[in-house]
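Read through the structure below, which is laid out as structure tokens, and then see the notes.
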Amino acid sequence: MALSSLAALCSSPPVSGIPDSPTISNLNGFSPTTDNAAAPNAFLRSYTILNEIKQLHCRVAKKGPTHNNELIAKCAEVGTPESLDYALKVFEGWNEDECVAGSLFVCNSLIRACSSAGLGDRAILVFVRMLEMGVMPDKYTFPFLLSACTRVSWFGEGVQVHGAIVKMGFAEDIFVANTLIHFHFECGDVMDGRRVFDEMPEKNVVSWTSLICGYSRRDCPKEAVSLFFDMVEAGVEPNAVTMVCAISACAKLQDLKLGERVHSYIGDIDIEPNGHMVSALVDMYMKCGAFVTAKRIFDNCIERNLVLYNTIMSHLVKRGLAREALAVLGEMLEQGPQPDRLTMLSAISASATLNELLFGKCCHGYILRNGLQEKDDNINNAMIDMYMKCGESGLACTIFNSMSNKTVVSWNSLLAGYVRNGDGRSVRDIFDEMPERDLVSWNIMIGALVQESLCEEAIKFFRMMQREGIKADRVTMASVASACGNLGSLGLAKWIYHYTEENAIERDMLLDTALVDMFGRCGDPRIAMQIFEKMEKRDVSSWTAIICAMATEGNGKQALELFKEMLCQGVEPDDVTFVGLLTACSHSGLVKQGCQLFQSMKEIYGISPQVVHYGCMVDLLGRAGLLEEALDFIKSMPIEPNDIIWGSLLSSCRTHKNVEMAAYAANRIPDLTSDRTGIPVILSNIYASEGKWSEVAKVRLKMKERGMHKVPGSSSTEVNGTVHEFSSGDESHLEISRISQMLDEINCKLRDAGHVPDLRNVLLDVDEHEKKFLLSRHSEKLAIAYSLISTGQKIPVQVVKNLRTCSDCHTFAKLVSKVYNREITIRDNNRFHFFKEGVCSCGGFW
DNA sequence: TTAGGGTTAG
């Protein structure tokens, strides 16, 4: 469809770069071209009246000044800026002789015309001038005048007008009071507006409607709908305008049931739905998620006006149905009405979603030819976004630089574009350069840092944002939760959760899913489950997050149960769901179930396994000790196994102490220098644990030659909000003597309980006594000992380790949990271990 | 004479 619309959208084919400059034909303000083509009758009428004005002007010149009143009234009737300018000039030249009967009518007409044309300041000038000339305003003057004040946001002047109304005794006039309600609500003075309504001796449908509309527009849609029912109760019958206001309030509340209830009144009171009402209904049903009803109302409406088209288009784009939105645009281009700036806003947005650069450029051309960008910064902002999404940062910058009024949205669009296109340096420069930063700017930066896995930096930015007094929202908190999940700090996770509750941050599926994921990764699957269970709506990401939370906990059975429930609820799994499921099986030794799931991925769900899924399978078989099967699986893979696959097999060889296969796997890794997986370290550890020190020396020499270093083991634990970090054999902690004493006490108790240290975990060629000492000072042991001496009996010990925990530390933690009756959690670089009463949740699968 | 629908960036 996009291409068929191109011809209609472009008067000339687009060229590379920015299309031609605008050419707006202008004939005394009336353009006989496209602008008036949609409303030929209105145009002809205006044109006829303009001719009449010209004739009148000739007569005035001949007959003298008294005909000026007639001239002004005619110009006001035309209502264009040019005719009004002319009328105002004539009005300025008024003298006292011309204050004849009928001048009040002329003044009122002129004020009304200026107000309608958006020339509120002129309307007020006319009012001042009429007072100077001694023409006394009447009850018709004030609604026009207040309306003018409202339109140009001259609230101070409006309040003075209110004073004049009271003094002159027009306050009880129903028309004047209705306009006052509207005026005060538009100013934001809800209380004053309400007072006017309450004090009215007599109210009509317009009074109620003004109040309902006022509350709705002032972000009090609940009150608006409640007033609608009060009005019905009071026996005042709603009209079409009331219905539009009430429907619009339901749309703001996104309350489908309420919307349907209000909608039903249209039938009850037998109002013929007009264009305004249809647009409001379509908008309401779309905002309430009733897409089918909205579409049906749109399809059934024969006389589709501009606003209706714009409403449906913007919602289609928001729902990701960009092609359908462009199909609606195609209909408009064929049948009218002519697209305006809001149509083009949606069209640009659709082009951006679809990556349709050519179509986006055509929209740009149309916008320039019709001068739509001149009065609307949003259009330029949307075009910056569109060009950025299409990867054309140069064109986006050209528009940005050409803008005389760059708003924070323009800067944010540019910033988000650079984040998307991966230019990290520019991102920071732009952020620092921004004259003003709002919530969205900070969200873009925090999101970008999380995307780049710079999670500590993301948390720092969040703190900076708080210091600057910017209040976080659900988007901020979802990014922060994601950062925290990567860091694995349960203390921070709890703080983040508490922060969202304390600050009443609006919760949605995105934030809830991020919180579930965060608690899963930070080792509290119980809280993850509590949040998940309370979620009203869950998509595939939410289900995947809870499945992964169960997987890291080692609760494979529950992960599989959740998967079943997810399928029952009609949610289709994706590739990430299967990573969670296969990991869950792997961590729980559910080999058979894992193999079945892997099989079903392609056969039932049509998802082709990627290298990550093959990695999970190698892990699943390897952990269960099925090393030969794992090797056969690798050999049968349809894709080339990478270092992660071989690294996974290597890890299993370490656990199950198969040195020969480890050497075989290590030799399959094409380039040991691409050390993302710590493969040489694992290999040297395997040799060391078997006492093959000459092999260890060879691997370490290779590592040294290639400039690679073993990452030292380090564990951290959080005590009273402070993170304490320990490396292996670390003696730098201020309380090291107490920690050592505690470790000695623990070791005695464990020895009494029959524990024999597994010295194969000491990867250095030293004597047995030294080995025992080194083993007793592994970083996780130091962290556990410190936590035991610094926290109360009931507080669980939480340790995060950067590498995989060794078998001796694992046994140590199990026994400590029993002897000291304390729950211990260790999150290593692979999974969680929950120790309680001498048992670990991993069941030996690590 | 008064009151009404659609708005870009994370």
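Quick note on labels: first sequence line is chain A, next is B, and so on, each numbered from 1. Note that the coordinates shown come from a computational prediction; the quantities given were computed from them, not determined experimentally. Basis for what follows: all heavy atoms, side chains included, without hydrogens, waters or symmetry-related copies.
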Base, sugar-phosphate, or nothing: which does [X] touch, judged by heavy atoms less than 4.0 Å apart?
X	value
A:His276	base
A:Leu342	base
A:Gly275	base
A:Lys203	nothing
A:Thr209	base
A:Leu180	nothing
A:Arg420	sugar-phosphate
A:Asp340	base
A:Ala251	nothing

Problem set entry | Aromatic ring proximity A:Tyr499/A:Phe462, centre distance under 6.0 Å |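 Yes, the ring of A:Tyr499 comes within the 6.0 Å limit of the ring of A:Phe462, centre to centre.
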Exercise. Within the modelled atom types, does a donor on one side and an acceptor on the other bring the side chain of A:Asn378 and the base of B:dT7 under 3.5 Å apart?
Worked result: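 By the distance-only test, yes, there is a pair.
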Exercise. Sequence neighbours excluded, which residues qualify as salt bridge (charged side-chain N to carboxylate O under 4.0 Å, His left out) partners of A:Glu457?
Worked result: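 A:Lys460.
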So if I take every side-chain heavy atom of [X] and compare against [options], which nucleotide ends up nearest?
X	options	answer
A:Phe144	B:dT1, B:dA3, B:dG5	B:dT1
A:Arg112	B:dT1, B:dA9, B:dA3	B:dT1
A:Ser147	B:dA3, B:dA9, B:dT7	B:dA3
A:Ala280	B:dT8, B:dG5, B:dG4	B:dG5
A:Lys287	B:dT7, B:dA3, B:dA9	B:dT7
A:Val440	B:dA3, B:dA9, B:dT1	B:dA9

Using whole Å, report how far [atom1] of [X] lies from [atom2] of [N].
X	N	atom1	atom2	result
A:Arg341	B:dT7	CZ	P	11 Å
A:Arg217	B:dA3	CZ	P	10 Å
A:Trp208	B:dG4	CH2	P	18 Å
A:Asn412	B:dT7	CG	P	19 Å
A:Leu281	B:dG4	CG	C1'	12 Å
A:Asn381	B:dT8	CG	C1'	6 Å
A:Lys406	B:dA9	NZ	P	20 Å
A:Leu110	B:dT1	CG	P	16 Å

Exercise. With respect to the phosphate group of B:dT7, does any side-chain polar atom (N or O) of A:Lys318 fall under 4.0 Å of OP1 or OP2?
Worked result: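 The answer is yes; a side-chain N or O of A:Lys318 sits under 4.0 Å from OP1 or OP2.
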Exercise. For atom NZ of A:Lys252, is the number of surrounding heavy atoms from other residues, nucleotides or ligands below 6.0 Å larger than 12?
Worked result: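 Yes - once you tally the heavy atoms of other residues, nucleotides and ligands closer than 6.0 Å, there are more than 12.
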